[in-house]
Student: 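Just passing along the structure, written as structure tokens.
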There are 2 protein chains.
Amino acid sequence: MNTNQRFAISIHALTLLAASKDPLTSESIASSVDTNPVVIRRMMASLREHGLVKSKPGAHGGWRLLREPQKIGLSEVYQCLSEDDVLSIHSHPNKNCPIGGKIKGVLQKVFGEAQVGLENALGTHTIADILEDVRARA
Amino acid sequence: MNTNQRFAISIHALTLLAASKDPLTSESIASSVDTNPVVIRRMMASLREHGLVKSKPGAHGGWRLLREPQKIGLSEVYQCLSEDDVLSIHSHPNKNCPIGGKIKGVLQKVFGEAQVGLENALGTHTIADILEDVRARA
DNA sequence: CATATTTGTAACCTTTGTAGTTACAAATAG
DNA sequence: CTATTTGTAACTACAAAGGTTACAAATATG
């Protein structure tokens, strides 16, 4: 239903940062993700706006975490990126229809609950967990 | 994150059917949803494949439910449409990287849990509930 | 200061998915 | 037979995403 790899890439990048003492460049993150450095910068900018990471331009620059990995929950990462909700409502149902006129409000409520269900499940994991899981698969 | 109104439209259409004794045509459903009848037929075809509705061509034809509305959970409706999961994984992380090589498996597990959280929340509602909620907003 | 490195960002292209639309065949009721 | 309705292919328009290039601005180092 959805195609937007930014969330997956964000987790990937944050996990790389959690595993590294030194800052990582967009270039090196892009290499592990297998994409273009600009794609990484664009995405990391959202994480930076929410205070999860910091960037430093120039020689020996790059990205680093601003918080311990066990304090970065996946629901928070998700919220850095999610402009809209996962489920979306059709825009202009017929307001003259007794059902069409009311359905949007009902769907908003129900889809909101679904969103909470999704984010609660994500919130049970942190970047530290993910790193641990990755390492356990060695 | 997502744009695909089919789930919302499916719920809308099923609610219309639940509220009607007689079969409804794609035309009349499309009118309440405010879209083209072909869009409705395409979407209803998925619901038919999963045994939720039945269609009859020809004069006095149309769509009707094959099950009582209180026995149609929203999670099931969702599953009729969801080809992919809500959260999607980036396709080709670098397998030579110690993290890139393992991240897909880890994300599959975590995203699967998130999907379950979403569907569980949806599963607490049925088409009968939705119709009731709509009517309560009169 | 000069240079190499790295982020920041705008601009553009391509691909993909979705909704919308037209057209017409096939089925069905009366 | 005729009007109605689904089934489906084919096409268009549009938007979002990822990828790419180009270049300005910032920074560490010698």
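In what follows, every heavy atom counts, from backbone to side chain, and hydrogens, waters and symmetry copies are set aside. The chains referred to below are lettered A, B, ... by the order of the sequence lines, with proteins before strands, and numbering in each begins at 1.
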Student: Of A/Ala59 and B/Ala45, whose nearest nucleotide on DNA chain D comes first from the 5' end?
Tutor: B/Ala45
Student: Nearest to the side chain of B/Pro57, which nucleotide is it out of D/dA26, D/dT8, C/dA27?
Tutor: C/dA27
Student: In whole angstrom, what separates B/Asn36's CG from D/dT12's P?
Tutor: 17 Å
Student: Looking only at side-chain atoms of A/Thr25, point me to the closest of C/dT6, D/dT6, D/dT4.
Tutor: C/dT6
Student: On DNA chain C, compare the nucleotides closest to A/Arg48 and B/Asp34; which residue's is nearer the 5' end?
Tutor: A/Arg48
Student: Starting at atom CZ of A/Arg42, determine the distance to atom C1' of D/dA16, rounded to an integer number of angstrom.
Tutor: 12 Å
Student: Would you indicate, yes or no, if C/dG8 has its OP1 or OP2 atom less than 4.0 angstrom from a side-chain nitrogen or oxygen of A/Ser55?
Tutor: yes
Student: For B/Trp63 and D/dT5, give me the distance from atom CH2 to atom C1', rounded to whole Å.
Tutor: 11 Å
Student: Please tell me if A/Thr35 has a side-chain N or O lying less than 4.0 Å from either OP1 or OP2 of D/dG18.
Tutor: no
Student: Name the residue from B/Ile11, B/Leu14, B/Ile72 that meets the side-chain contact (heavy atoms from CB on, under 4.5 Å) definition with B/Ile130.
Tutor: B/Ile11
Student: Nearest whole angstrom, please: distance from the C1' of C/dT7 to the CZ of A/Arg64.
Tutor: 15 Å
Student: Taking atom P of D/dT5 as reference, at what distance in whole Å does atom NZ of B/Lys54 sit?
Tutor: 18 Å
Student: Following the transitive rule for hydrophobic clusters with a side-chain heavy-atom cut-off under 4.5 Å over Ile, Leu, Val, Met, Phe, Trp and Tyr, establish whether B/Ile40 and B/Leu65 coincide in one cluster.
Tutor: yes
Student: Could you check how far CE of B/Met44 sits from C1' of D/dG7, rounded to whole Å?
Tutor: 14 Å
Student: Do A/Glu113 and B/His125 have side-chain atoms, one donor and one acceptor, less than 3.5 Å apart?
Tutor: yes
Student: Under 4.0 Å between a side-chain N/O of A/Lys56 and OP1 or OP2 of D/dA28, yes or no?
Tutor: yes
Student: Which part of the nucleic acid, if any, lies within reach of B/Gly58 when heavy atoms closer than 4.0 Å are counted: base, sugar-phosphate only, or nothing?
Tutor: base
Student: Using only side-chain N and O atoms of B/His60, determine if any of them is under 4.0 Å from OP1 or OP2 of C/dT28.
Tutor: no
Student: Which nucleotide wins on minimum distance to the side chain of A/Asn4, given the candidates C/dT7, D/dG18, C/dT21?
Tutor: D/dG18
Student: To the nearest Å, how far apart are A/Leu81 CG and D/dA17 C1'?
Tutor: 14 Å
Student: Parallel, tilted or perpendicular: which fits the ring planes of B/Phe7 and B/Tyr78, with parallel below 30° and perpendicular above 60°?
Tutor: perpendicular
Student: Are B/Leu81 and B/Met44 grouped together when hydrophobic residues (ILVMFWY) are joined by side-chain heavy atoms under 4.5 angstrom apart?
Tutor: yes
Student: Choose from C/dT21, C/dA19, D/dA22 the nucleotide whose nearest atom is closest to any side-chain atom of B/Val38.
Tutor: C/dT21
Student: Would you say the side chains of B/Trp63 and B/Ser26 form a donor-acceptor pair under 3.5 Å?
Tutor: yes
Student: Rounded to whole angstroms, how far apart are CD on B/Gln5 and C1' on C/dG17?
Tutor: 13 Å
Student: For D/dG18, does either OP1 or OP2 sit under 4.0 Å from a side-chain N or O belonging to A/Arg6?
Tutor: yes
Student: Measure from the side chain of A/Arg41, starting at C-beta and using heavy atoms only, and say which of C/dT9, C/dT18, D/dT6 lies closest.
Tutor: C/dT9
